[in-house]
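Proteins come first, then strands; the chains are lettered A, B, ... in the order of their sequence lines, and each starts at number 1.
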Amino acid sequence: MRFAPSPTGFLHVGSVHTALFTWLFARHNKGSFILRIEDTDVERKVEGSIEAIMDGLRWLGLEWDEGPEVGGNYGPYFQSQRLELYHEAARRLVSQGDAYYCYCSPDRLDEMRAEQVRRKQPPGYDRLCRDLDQTERDRMEASGITPVVRFKTPLEGKTGFKDIIWGDIEFDNSTLDDLVLLKSDGYPTYHLANVVDDHAMEISHVIRAEEWVSSTPRHILLYGALGYQPPYFAHMPLLVGPDRAKLGKRHGAVSVTEYRELGYMPEAMLNFLALLGWSLDDKTEIFSREDLINNFSLERVSRTAATFNHEKLKWMNGLYIRNLDLDDLTRRALPFLDTGLPLEVKRPLSIEYVRQIMPLIQERMREMAEVTDLAHFFFSEELSYESELLIGKGMNQESALQALKVSRNRLGEMTGFDTESLEVLLRPLADELGLKTGQLFGVLRVTVTGRAAAPPLFQTMAVLGRDLCLRRIEAAIEKLG
RNA sequence: GCCCCCAUCGUCUAGAGGCCUAGGACAACAGCCUUUCAAGCUGUAGACAGCGAUUCGAAUUCGCUUGGGGGCACCA
């Protein structure tokens, strides 16, 4: 099996979806997973995208058995390094009479198509050059035109194939036009290159997105003309946005890099993507990589396009985060804190301190990048919040001020400063002050964290430490007074 | 316009003639827990696109309609 992206930018989640299913199929069946770079479009090639693709796949753990940087017996794995193979195939097809040189200019083709659309005809090459004789060809050659090679599609008959996911699909050859195989710049089109390579690399199963269904008959025809046995085809359901159109940039984050930077875990990403167009049964939805490999089958892939639901991904990522052990969580969160926290915060961050904070915010994170916002008050000296926030329901400035002053004194006299002693001290204190526990705790929470919603108070204070807590109480008293 | 395909809660899906008064999950809503926010637990609401046909019986089979998508490049 192979995953064959073209290096035209970032690694798209749709591509990863296909890569994942291909990889799962390969792993499940003990086949090999090949990465092949389809760099046959010089114009659209984007610098650095090959690295982005490889980085992305590796981050997700979709390791390839053959391909760039790993090698293999069927290389090279860049189509731009395999041009001779395509030329040879094209020459053979021409000499067999299954392909021909076409001298039509792009301008003529554009006009032709515009005219066809105007007349509401299906657009397609009009086969002007299909039956050129030798003298006409010589004349064209002499005028300096570099021809393209086009496939001589049979005019009649039907071409069908059995798709593992879709079943039997059949096309009338009359609806297919003479596609270009070799471009005038000497590069092959996808159609030629993919057929030649899939055969040369002994690909048994071609797994790709649904958008390729309509060009599959052309490929079948090509395999036939070349005398090759076609592989099995499995077309995957498309990933779409909320408007049901093919997932694209306008739908928000579509590159794996973006998700990585937001703090999505590869495990969650794969789990989520696997459930788009595939399911095991009516209840299982949390799968480890191994579970996926063990249970995957193309027969259970659905045919309907799936909406990429960010909300569910977020939920699932949160679930994975909650399942992390302390060390793992700390290790993964550290880089996000490092880049996300304000410059004033001293670096390097104390791993021990971060370790103490993590349990307090673990169940509140859904994207790892949220760690910065959730934990910033553990690091910043100054807190900024509106003083009204200190005055809770049923309280006024005076009672808040008094609560703070008394708390300051008591806290200062404490011997220990752990969660339990804080609770033992503070809980009765509310009563003494004539406040409900919620009121007292509320004032202190805002004082100590700068916000109304935060992790449990006593634990938070214990981590912050007595000094910082007292300084913040002073600051709050000042704010109110 | 032509070709190909798809159609179960808002979303992801289970369902391959009776197990379906259609199951699960996200999201929503309500309650419980609770010092806030989360997390967790419990519950509520929510779908077989429509119409015909086959059948004792249809979400499941067939046809039509409607809706949606994909493709129709010297891009992949």
Could you tell me whether A:Pro456 contacts a base, only the sugar-phosphate backbone, or nothing, with contacts defined as non-hydrogen atoms closer than 4.0 Å?
base
Heavy-atom nearest nucleotide on RNA chain B taken for A:Leu457 and for A:Val213; more 5' hit belongs to A:Val213
In whole Å, what is the span from the CZ atom of A:Arg119 to the P atom of B:G1?
16 Å
Under 4.0 Å, counting only non-hydrogen atoms across every strand here, what does A:Ala306 touch: a base, just sugar-phosphate, or nothing?
sugar-phosphate
B:C9 versus B:C48 - spacing of their C1' atoms, nearest Å
10 Å
Contact class for A:Tyr190 vs. all strands (heavy atom < 4.0 Å): base, sugar-phosphate, or nothing?
base
Using a cut-off of 4.0 Å on non-hydrogen atoms, how would the nucleic acid contact of A:Gln362 be classed: base, sugar-phosphate, or nothing?
nothing
Mind checking if A:Val180 touches a base, just sugar-phosphate, or nothing, with heavy atoms under 4.0 Å?
sugar-phosphate
So A:Phe441 and A:Phe458, ring pair (Phe, Tyr, Trp, His ring centres under 6.0 Å) or not? Walk me through it.
CA-CA 9 Å; A:Phe441 299 168; A:Phe458 312 131; 5.1 Å; yes
Charged tip of A:Arg150 within 45° of A:Tyr125 ring normal and under 6.0 Å
yes
Presence of donor-acceptor pair under 3.5 Å, side chain of A:Lys283 and base of B:A25
no
side-chain N/O A:Arg364 vs B:G40 OP1/OP2, d < 4.0 Å
no
State whether A:Thr307 places a side-chain N or O below 4.0 Å from either non-bridging phosphate oxygen (OP1 or OP2) of B:C12.
yes
Between B:C41 and B:A49, how many Å separate the two P atoms, rounded to a whole number?
32 Å
Between the base of B:C74 and the side chain of A:Ser184, is there a donor-acceptor distance below 3.5 Å?
yes
Does one side chain, of A:Thr40 or A:Arg82, offer a donor that lies under 3.5 Å from an acceptor on the other?
no
Atom-to-atom span, CG of A:Leu280 to P of B:A25 - whole angstrom
16 Å
What is the distance, rounded to the nearest whole Å, between atom CZ of A:Arg44 and atom P of B:A73?
14 Å
Return no unless some side-chain N or O of A:Arg244 is found under 4.0 Å from OP1 or OP2 of B:C12.
yes
hbond_proxy A:Arg303 side chain to B:C6 base (donor-acceptor, 3.5 Å cutoff)
no
Can you tell me how the ring of A:Tyr259 sits relative to the ring of A:His310, calling it parallel under 30°, perpendicular over 60° and tilted otherwise?
parallel
Write down the distance between CD1 (A:Ile361) and P (B:A39), rounded to a whole number of angstrom.
14 Å
Using whole Å, what does the distance between atom C1' of nucleotide B:C72 and atom CG of A:Asp178 come to?
14 Å
Face-on cation placement of A:Lys162 at A:Tyr232 ring, 6.0 Å and 45° thresholds:
no
Can you tell me the distance, in whole Å, between the CG atom of A:Asp282 and the P atom of B:A16?
10 Å
By the 4.0 Å heavy-atom rule, please label A:Thr8 as base, sugar-phosphate, or nothing.
nothing
Have a look at A:Lys246 and say if it touches a base, only the backbone sugar-phosphate, or nothing, with a 4.0 Å heavy-atom cut-off.
sugar-phosphate
Taking the ring centre of each residue, are A:His17 and A:Phe21 less than 6.0 Å apart?
yes
Measure CD/A:Glu311 against C1'/B:C9 and give the value in whole Å, please.
18 Å
Measure from CZ on A:Phe272 to P on B:U13 and round the result to the nearest Å.
9 Å
Answer with base, sugar-phosphate or nothing: what part of the nucleic acid does A:Pro188 contact at a heavy-atom distance below 4.0 Å?
sugar-phosphate
Counting the atoms with a prime plus P, OP1 and OP2 as sugar-phosphate, which does A:Gly277 contact under 4.0 Å by heavy atoms, base, sugar-phosphate, or nothing?
sugar-phosphate
Could you work out the separation of B:C19 and B:G57 based on their P atoms and round it to a whole Å?
15 Å
Re B:C41: Watson-Crick or G-U wobble partner, both distances kept under 3.5 Å, found to be B:G31
